Amino acid sequence: MDIPFWSKEIETLDRASLQAIQLERLRDMVSWALKTPFYNKKLSSVGIRSPEDIRGFRDLERIPFTTKDDLRRSFPKGLLAVEMTEVVRIHSSSGTTGIPTVIYYTRDDVDRWTDLLARSIVATGASAQDIFQNMMSYGLFTGGLGLHYGAERVGMAVIPIGGGNTKRQIQTMKDFQTTILHVTPSYLLHIHSQFEAEGVKAGDLALRRAFIGAEPHSENTRRKIDDLLHIQAFNSYGLSELNGPGVAFECVCRKDMHLWEDAYIVEIIDPTTGRNVEDGQEGEVVLTNLIRRAMPILRYRTRDLAFLHPEPCECGRTHRRLSRILGRTDDMLIINGVNVFPSQIEEKIMKVPEVATNYQIHVDKKGALDRLTVKVEIYPKLFLGDVAKLEALRARIREELRSSIVISPNVELHEPGSLPVSEGKAKRVVDERPKD
Ligand code: AMP
Ligand code: ZN
């Protein structure tokens with residue numbers, strides 16, 4: 001097999017040299033982290049006051065974990081390590097509980113991140129000959145702009161169409177003979193379901209690959225995408241705290257994702273003890289960013305569950321492979337690629353005076369897409385009023401929710417006592433999406 005590379009030397013570096021780079025970059029990151037009030041306090045508390053205090057990998061374990069709550073508590077600038085004038089980009093995580101998580105990048109940070117994406121794209125066999133339709137949303141979410149920059153660096157023709165508007169997406173694929181899509185797996189399946197209605201015939205499209213990510217999906221879903229669209233789909237993993245996409249990406253072998261270890265230190269830990277587990281064992285993914293100076297992040301607990309493959313990949317890359325994301329340690333839901341915490345929903349609906357005490361969050365599939373329904377109990381006297389008033393209330397709750405969670409859920413109004421009550425811990429979330 002002909003294996004394509006973007007930066008072959010670094011991608012196939014022997015492990016000892018790779019670790020030497022990691023250690024050197026870790027020290028650099030610690031020196032930047034110490035400039036921030038947050039890490040200065042955190043690192044000093046364990047006796048790390050200068051980069052020289054990191055003598056080897058054993059010292060990595062002395063560094064306390066960083067959590068999403070830490071980031072929220074440091075909002076907006078507690079983790080900013082450079083002057084604001086040096087910042088060229090700000091992103092944010094899609095799932096927040098009120099206070100957003102904000103990420104800063106300098107010009108060099110964006111440049112290093114872009115390079116990882118170029119590397120990821122080329123690893124799939126894509127090249128400057130390709131026409132790239134970027135269907136991920138642009139804006140604060142890192143998925144849109146991240147891949148956009150990487151694709152331009154590779155030299156592909158980039159169509160920055162963004163998310164939504166299925167008709168236009170399909171027309172664009174036809175008009176420009178798009179060869180690569182970047183999209184969530186659920187939206188891609190939805191798009192396919194509309195091919196017939198849009199009159200797409202065999203031979204109309206030139207699709208060859210899709211980069212799919214932002215939400216969990218199984219090997220079966222990937223196969224379904226491959227078979228239905230006659231393409232090859234590649235899994236793409238990342239999170240805004242660690243720059244965004246380009247943390248791990250599948251190569252042409254498509255046997256899970258190379259995690260770029262010159263840019264990130266990956267640890268898999270037992271979520272209860274916090275101790276590292278062996279390669280091959282499932283646990284929580286913990287990542288240290290080695291390439292972002294504007295906002296260093298050390299030992300970030302992603303809450304994503306996965307494992308590292310112990311054996312090397314056939315492509316010759318030495319960077320270890322991360323499995324598919326197998327679950328989460330928290331209750332975060334991913335609805336069509338958007339992160340949603342049940343607490344965000346609760347916070348909003350409980351502020352609505354008409355809402356009584358019980359509610360339920362329901363998730364299922366309508367066709368290929370996820371569907372979110374929020375069922376709320378409202379006070380009985382409201383049901384005596386006219387229908388128009390109830391409809392207005394429903395619309396108001398829906399709008400309140402949309403302003404917080406970005407997506408617009410269905411809202412159902414119920415009489416008090418009609419939603420199930422559990423005797424122990426309330427079961428607020430019913431997720432009926434099939435686990436294939
Ligand atoms: P965000 O910070 O908004 O980009 O969201 C990042 C989260 O999306 C990750 O922590 C994962 O839970 C999820 N995610 C991203 N890519 C994938 C993927 N390829 N497979 C499964 N989950 C993913
Ligand atoms: Zn490989």
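Worth saying up front: this structure is predicted, and the values here are computed from it rather than measured. Ligands are counted one by one from 1 in listed order, and the atoms in each one are counted from 1 as well. Each residue takes its place number in the sequence, starting with 1.
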K.L.:
Under a 4.0 angstrom heavy-atom cut-off, which atoms of ligand 1 come close to Ser93?
P.N.:
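By the 4.0 Å cutoff, the relevant atoms are 2 (O), 3 (O).
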K.L.:
Relative to the ring of His148, is the ring of Tyr138 parallel (under 30°), tilted (30 to 60°) or perpendicular (over 60°)?
P.N.:
perpendicular
K.L.:
Which atoms of the protein, restricted to N, O or S, are nearer than 2.8 Å to the Zn ion (ligand 2)?
P.N.:
Cys251 SG, His258 NE2, Cys313 SG, Cys315 SG
K.L.:
Going by the order shown, which atoms of ligand 1 are within less than 4.0 Å of some heavy atom of Phe141?
P.N.:
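Atoms satisfying the 4.0 Å criterion: 4 (O).
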K.L.:
I'd like to check the side-chain contact (heavy atoms from CB on, under 4.5 Å) partners of Pro37; sequence neighbours left out, ordered by chain and number.
P.N.:
none
K.L.:
So is Ser236 polar-close to ligand 1, meaning N/O to N/O under 3.5 Å?
P.N.:
yes
K.L.:
Any salt bridge (charged side-chain N to carboxylate O under 4.0 Å, His left out) involving residues 116-145? Give me the pairs, sequence neighbours left out, ordered by first then second residue.
P.N.:
Arg119-Asp262
K.L.:
Can you tell me which portion of Glu215 lies within the under-4.0 Å heavy-atom range of ligand 1? Options are side chain, backbone, both, or neither.
P.N.:
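The backbone, only.
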K.L.:
Should the pair Glu311-Arg321 be classified as a salt bridge under the 4.0 Å nitrogen-to-oxygen rule?
P.N.:
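Salt bridge present between Glu311 and Arg321.
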K.L.:
Give a yes/no verdict on a cation-pi contact between Arg324 and Phe307, requiring under 6.0 Å between NZ or CZ and the six-membered ring centre and an angle within 45° of the axis.
P.N.:
no
K.L.:
Less than 4.0 Å is my threshold; does some heavy atom of Arg328 fall inside it relative to ligand 1?
P.N.:
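The answer is yes: ligand 1 sits under 4.0 Å from a heavy atom of Arg328.
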K.L.:
Using a plain distance cutoff, I'd like to know if Asp304 has any nitrogen or oxygen under 3.5 Å from a nitrogen or oxygen of ligand 1.
P.N.:
yes
K.L.:
Quick one: do Lys351 and Glu400 make a salt bridge, cutoff under 4.0 Å?
P.N.:
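Salt bridge: no.
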K.L.:
Which residue from Leu287, Ile334, Val338, Asn243 reaches closest to atom 13 (C) of ligand 1 through any of its heavy atoms?
P.N.:
Ile334
K.L.:
Any donor-acceptor pair under 3.5 Å linking the side-chain atoms of Ser186 with those of Glu215?
P.N.:
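Side chains of Glu215 and Ser186: pair found under 3.5 Å.
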K.L.:
Applying a heavy-atom cut-off of 4.0 Å, say which part of Ser240 lies close to ligand 1: side chain, backbone, both or neither.
P.N.:
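The answer is both.
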K.L.:
Applying salt bridge (charged side-chain N to carboxylate O under 4.0 Å, His left out), name anything that partners Lys8, two or more places apart in sequence or on another chain.
P.N.:
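Partners of Lys8 under the salt bridge (charged side-chain N to carboxylate O under 4.0 Å, His left out) test: none.
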K.L.:
Evaluate the criterion side-chain contact (heavy atoms from CB on, under 4.5 Å) for residue pair Tyr300 and Thr288; output intermediate values, then yes/no.
P.N.:
CA-CA 6 Å; Tyr300 184 69; Thr288 295; over 6 Å; no
K.L.:
With nothing but distance in play, are any N or O atoms of Gly213 less than 3.5 Å from an N or O of ligand 1?
P.N.:
no
K.L.:
Does the cation-pi check pass for Arg292 over Tyr105, that is, NZ or CZ under 6.0 Å from the six-membered ring centre and within 45° of its axis?
P.N.:
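Yes - Arg292 lies over the ring of Tyr105, closer than 6.0 Å to its centre and within 45° of its axis.
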K.L.:
For ligand 1, does Pro245 get within less than 4.0 Å through its side chain, its backbone, both, or neither, judged by non-hydrogen atoms?
P.N.:
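No part of Pro245 comes within reach of ligand 1.
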K.L.:
I want to check a possible cation-pi pair here: Arg72 against Phe341, using under 6.0 Å from ring centre and within 45° of the ring axis as the test.
P.N.:
yes
K.L.:
Side chain or backbone of Met332 under 4.0 Å from ligand 1, or both, or neither, by non-hydrogen atoms?
P.N.:
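Side chain only.
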